[in-house]
Protein chains: 2
Amino acid sequence: MTDATLVAVFAALGDDTRWSILAALGEGEASASALAERLPVTRQAIAKHLAVLREVGLVEPVPAGRELRYRVVGAELTATARRLDAVGAEWDRRLSAIKRIAEGL
Amino acid sequence: MTDATLVAVFAALGDDTRWSILAALGEGEASASALAERLPVTRQAIAKHLAVLREVGLVEPVPAGRELRYRVVGAELTATARRLDAVGAEWDRRLSAIKRIAEGL
DNA sequence: ATTCAGTGCAACCGCAGAGTTGCACAATTT
DNA sequence: AAATTGTGCAACTCTGCGGTTGCACTGAAT
């Protein structure tokens with residue numbers, strides 16, 4: 001996964017409706033139509049969101065008969081979390097080093 | 001920190017320019033004007049981004065004489081990472097439980 | 001054969017936001 | 001006193017995107 005897609009993942013996670021979808025999928029696979037019944041948005045809107053989530057790997061299509069269900073990929077979230085943590089730790093490390101130098105220690 | 005602000009943090013992280021700013025700040029504190037010299041955007045644009053980052057706690061203003069520098073808050077990133085990881089783990093746990101039940105185990 | 005979900009594609013609307021220019025103001029320098 | 005530098009605020013443009021409606025297609029059910 002590249003840095004460019006990291007930003008894309010965050011952009012995907014920066015929308016309330018998509019979090020609602022992810023939360024709903026967290027209770028089990030569901031199709032776009034099924035999600036549209038639970039959420040206050042159109043099926044087409046949900047389909048678009050699912051496409052976005054799919055492109056960044058947060059969600060996975062699961063063909064079930066004639067309908068297309070989606071499953072949330074928790075592993076992608078944990079992977080993103082690890083990378084985020086690494087960046088934060090690195091910045092803290094570098095900045096505290098700068099601070100020490102500035103203080104002449 | 002609430003769930004609503006979690007989404008806001010991700011929205012803030014879902015922009016390339018803001019990552020450029022964060023990366024630049026990762027090498028040391030800097031003012032909006034200083035950042036504008038390194039990045040291909042106007043000072044005003046940077047000021048707006050800094051305001052966004054500040055509202056979600058990813059960045060901190062540091063008055064330095066007459067100019068206003070900003071410092072990246074790595075701790076906020078690591079905190080966000082932890083929460084993200086927790087959500088991912090929970091979803092994986094619940095979904096694998098559902099899967100076991102569906103398989104009749 | 002026909003109705004009935006479920007999906008996909010396309011066009012359109014409205015708004016938020018990323019970026020710009022322009023101006024006004026305070027502190028610093030010369 | 002004048003020029004310089006850093007900041008803040010306001011208005012404007014324009015693209016992106018969340019959401020909608022509408023239509024066409026396919027597989028299942030009656």
Side-chain angles (χ1 to χ4, degrees), chain A residues 3-25 27-72 102, chain B residues 2-25 27-72:
Chain A
D3 267 4
T5 69
L6 214 212
V7 180
V9 172
F10 289 131
L13 290 176
D15 181 84
D16 293 292
T17 303
R18 278 195 284 268
W19 271 96
S20 305
I21 293 177
L22 288 174
L25 290 182
E27 299 173 1
E29 303 174 2
S31 67
S33 302
L35 289 169
E37 289 174 0
R38 312 183 42 182
L39 300 178
V41 281
T42 317
R43 171 188 67 88
Q44 286 83 344
I46 301 220
K48 286 186 186 178
H49 285 303
L50 285 173
V52 173
L53 293 171
R54 186 180 182 283
E55 274 174 4
V56 298
L58 283 173
V59 120
E60 224 174 30
V62 179
R66 67 171 186 138
E67 72 180 355
L68 186 58
R69 300 236 185 91
Y70 284 86
R71 176 203 314 164
V72 65
Chain B
T2 78
D3 267 4
T5 68
L6 214 212
V7 180
V9 172
F10 290 131
L13 290 176
D15 181 87
D16 294 293
T17 304
R18 278 195 284 267
W19 273 97
S20 303
I21 293 177
L22 288 174
L25 290 182
E27 299 173 1
E29 304 174 0
S31 67
S33 302
L35 290 170
E37 289 174 358
R38 312 183 42 183
L39 300 178
V41 279
T42 316
R43 172 187 66 87
Q44 286 82 344
I46 299 215
K48 286 186 185 178
H49 285 304
L50 285 173
V52 173
L53 294 170
R54 187 181 181 282
E55 275 174 4
V56 298
L58 283 172
V59 119
E60 224 174 30
V62 180
R66 66 169 186 142
E67 72 181 351
L68 186 57
R69 301 236 184 90
Y70 284 86
R71 175 203 314 162
V72 66

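Within every chain, numbering begins at 1; the chains are lettered A, B, ... in the order of the sequence lines, protein sequences first and strands thereafter.
The minimum heavy-atom distance linking Ser20(A) with Leu39(A) is given by the pair CB-CD2, 4.0 Å. Pairing each heavy atom of Pro61(B) with each of Leu68(B), the nearest pair is CB-CD1, 4.0 Å.
Scored by the ring-ring contact (aromatic ring centres under 6.0 Å, His included) test, Tyr70(A) finds no partners at all (sequence neighbours excluded).
Of the residues in residues 57-71 of chain A, those placing a heavy atom less than 4.0 Å from an atom of DNA chain D are Arg66(A), in numerical order.
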Under 3.5 Å, which donor-acceptor pairs do the side chains of residues 27-38 of chain B form with other protein atoms, sequence neighbours left out?
unit_1	atom_1	unit_2	atom_2	d
Ser31(B)	OG	Ala34(B)	N	3.2

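As rounded to whole Å, 9 Å separates atom P of dG18(D) from atom NZ of Lys48(A). Rounded to an integer number of Å, the gap from His49(B) NE2 to dG8(D) P is 16 Å.
One N or O donor and one acceptor, one from the side chain of Arg43(B) and one from the base of dG8(D), sit under 3.5 Å apart.
Within the 4.5 Å cutoff, the side chain of Leu50(A) has heavy atoms near those of the Leu25(A) side chain. Using a 4.5 Å heavy-atom threshold, the side chains of Leu13(B) and Leu13(A) count as separate.
Boundaries of the chain A contact region on DNA chain C are dA5(C) to dA11(C), first to last in 5' to 3' order (nucleotide atom under 4.0 Å from a heavy atom).
Residue contacts for Ser33(A): at a heavy-atom cut-off of 4.0 Å it reaches the sugar-phosphate backbone alone, with no base atom in range.
Counting only residues at least two apart or on different chains, the side chain to side chain donor-acceptor pair (under 3.5 Å) pairs with a member in residues 47-67 of chain B are Arg18(B)-His49(B), Glu60(B)-Arg71(B), Glu67(B)-Arg69(B).
Residue Ile21(B) is tested with Val72(B), Leu53(B), Asp15(B), Leu58(B) for a side-chain contact (heavy atoms from CB on, under 4.5 Å); the sole match is Leu53(B).
The shortest distance between the side-chain N/O atoms of Thr42(A) and the OP1/OP2 oxygens of dG19(D) is not below 4.0 Å.
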